[in-house]
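In what follows, chains carry the letters A, B, and so on, assigned in the order in which the sequence lines appear, proteins first and then strands, with residues in each chain numbered from 1. The figures here come from the full heavy-atom set of this structure, side chains too, leaving out hydrogens, waters and symmetry mates.
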Number of protein chains: 2
Amino acid sequence: MPKAWNLLVSSLLNLPGVGPKMAERMALHLLRHDPDSDDLLQRLEEARRKLRRCSQCGDFVESDAPVPTCPLCRDTDREDSLLCVVEEIGDLQAMERSRAFRGRYHVLGGVLSALDGVGPEELRIHELLQRIRSGKITEVILATNPTAEGETTAAYLADLLKPLGVQTTRLAYGLSSGSAIQYADEFTLARALEGRRPLS
Amino acid sequence: MPKAWNLLVSSLLNLPGVGPKMAERMALHLLRHDPDSDDLLQRLEEARRKLRRCSQCGDFVESDAPVPTCPLCRDTDREDSLLCVVEEIGDLQAMERSRAFRGRYHVLGGVLSALDGVGPEELRIHELLQRIRSGKITEVILATNPTAEGETTAAYLADLLKPLGVQTTRLAYGLSSGSAIQYADEFTLARALEGRRPLS
């Protein structure tokens with residue numbers, strides 16, 4: 001195949017979750033649909049130019065300020081004593097969609113993973129400690145994912161936060177809403193039983 | 001979320017096989033890894049500028065010629081009497097990797113699909129008929145995929161080619177190399193039985 005094709009495919013292969021077949025399909029699509037290519041080129045360039053990380057939570061924000069702060073961190077109606085620590089901005093978005101949380105967020109930017117070479121230095125842990133030390137935070141919800149890495153990271157952070165005198169909590173485990181007990185895995189069922197609550 | 005983020009995600013959503021979660025993961029990756037973003041921007045722009053379709057087979061080719069022809073179509077060592085019709089350039093590449101075919105190719109650019117609004121006009125069928133009429137082709141292998149659309153397209157083409165006096169053939173159906181009979185679907189097994197061959 002021509003070099004320009006191979007280069008395009010290999011650069012699509014760098015994207016997460018994209019395998020060789022999919023990279024070829026995507027390349028073909030981009031070469032056959034000029035408007036889609038135009039959009040992608042322009043919007044990627046624009047997003048890279050405009051988006052910065054909020055100095056507080058780490059979420060993306062469009063701002064020219066020397067120290068950018070996102071609307072959520074500036075919102076004076078939110079609870080300052082409650083901090084929710086998430087892995088990625090997608091988690092933050094999901095929490096917001098639930099409308100069940102009115103505190104502040106902190107995006108770690110990943111999880112500890114020996115396999116992927118992600119240590120504490122690669123995450124926004126230093127910033128987290130600073131926020132807790134300087135602030136009004138009384139409870140830190142460690143809302144990392146219920147995966148091996150997520151658990152490890154939460155345990156690591158809990159240890160780190162212990163001397164700071166804040167309460168650390170973890171989201172409840174249990175059955176997903178709309179799921180079937182019949183198909184729940186053993187681990188989820190065991191946790192759901194463990195966390196059972198009295199009907200009032 | 002900031003507008004620039006939403007626009008980037010929506011333009012990644014246009015890519016085939018990319019859902020909302022994956023588009024967000026990809027956007028995040030592109031914003032966090034500048035070298036990968038640089039590569040993608042540059043290579044997509046370059047591929048769009050350099051790559052044209054071969055006037056014969058329809059494969060991509062890097063060429064400034066008024067009528068671009070790819071190396072494979074120019075190769076004088078290949079059989080001119082045998083034409084293999086494939087859906088997409090990925091199929092052509094797979095055939096080449098097999099090293100089992102030494103004829104010429106013709107890329108349709110898709111399959112007939114009422115659902116996706118793809119009719120004969122959207123495919124390179126006119127060019128196919130022209131090649132057959134003007135040439136030395138005696139056999140046309142209709143190597144569309146063994147899917148409903150692929151079969152329909154092959155049947156449609158076979159009808160169309162009948163008056164032109166060329167032999168039309170179809171790739172053999174059967175068990176994949178390395179697969180297990182135990183897990184083969186009924187249709188594949190039925191076709192494998194139907195096409196069974198004597199041991200010499």
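Contact of B/Met22 with chain A is made through the side chain alone, with heavy-atom distances under 4.5 Å. At a 4.5 Å heavy-atom cutoff, the contact between B/Lys3 and chain A is made by backbone and side-chain atoms alike.
The hydrophobic clustering, which links ILVMFWY residues whose side-chain heavy atoms are closer than 4.5 Å, places B/Leu112 and B/Leu171 apart. Following chains of ILVMFWY side-chain contacts shorter than 4.5 Å, one can reach A/Leu142 starting from A/Leu160, so the two form part of one hydrophobic cluster. Both A/Val9 and B/Met95 are members of a single hydrophobic cluster when ILVMFWY side chains are connected at heavy-atom separations under 4.5 Å. One hydrophobic cluster, built from ILVMFWY side chains closer than 4.5 Å, cannot hold both A/Val86 and A/Leu108; they sit in different ones. A/Leu123 and A/Ile137 fall within a single hydrophobic cluster, where Ile, Leu, Val, Met, Phe, Trp and Tyr side chains are chained together by heavy-atom contacts under 4.5 Å.
Residue A/Glu45 holds its CD atom at 11.0 Å from CG of B/Asp38, rounded to the nearest 0.5 Å. With values rounded to the nearest 0.5 angstrom, A/Leu44 atom CG is found 9.5 Å from B/Leu44 atom CG. How far CG of B/Leu40 is from CG of A/Leu13: 11.5 Å, rounded to the nearest 0.5 Å.
When each of B/Gly90, B/Ser37, B/Gly17 is scored by its heavy-atom pairs under 4.5 Å with chain A, the top score falls to B/Ser37. Listed options A/Glu24, A/Gln42, A/Glu88, A/His33 were ranked by heavy-atom pairs under 4.5 angstrom with chain B; first place goes to A/Glu88. Comparing B/His29, B/Lys21, B/Arg48, B/Arg32 by how many heavy-atom pairs each has under 4.5 Å with chain A, the most go to B/Arg48. Note on B/Leu12, B/Asp39, B/Leu41, B/Leu92: by heavy-atom pairs under 4.5 Å with chain A, the leading option is B/Leu41. Among the candidates A/Asp36, A/Leu15, A/Leu8, A/Leu7, the residue making the largest number of heavy-atom pairs closer than 4.5 Å to chain B is A/Leu7.
Residues of residues 49-73 of chain B that come within less than 4.5 angstrom of chain A, heavy atom to heavy atom, are B/Lys50, B/Leu51, B/Arg53, B/Asp59, B/Phe60, B/Val61, B/Glu62 in numerical order.
Around CZ of B/Arg102, the count of heavy atoms belonging to other residues, nucleotides or ligands within 6.0 Å exceeds 12.
For A/Ala47 against B/Ala4, the heavy-atom pair with the smallest separation is CB-O, 3.8 Å.
Applying the salt bridge (Lys or Arg N to Asp or Glu O under 4.0 Å) test to B/Asp116 and every residue at least two apart in sequence or in another chain returns nothing. In this structure B/Lys136 satisfies the salt bridge (Lys or Arg N to Asp or Glu O under 4.0 Å) test together with B/Asp80, sequence neighbours excluded.
Legend: salt bridge (Lys or Arg N to Asp or Glu O under 4.0 Å) pairs involving residues 137-146 of chain B, not counting sequence neighbours: none detected.
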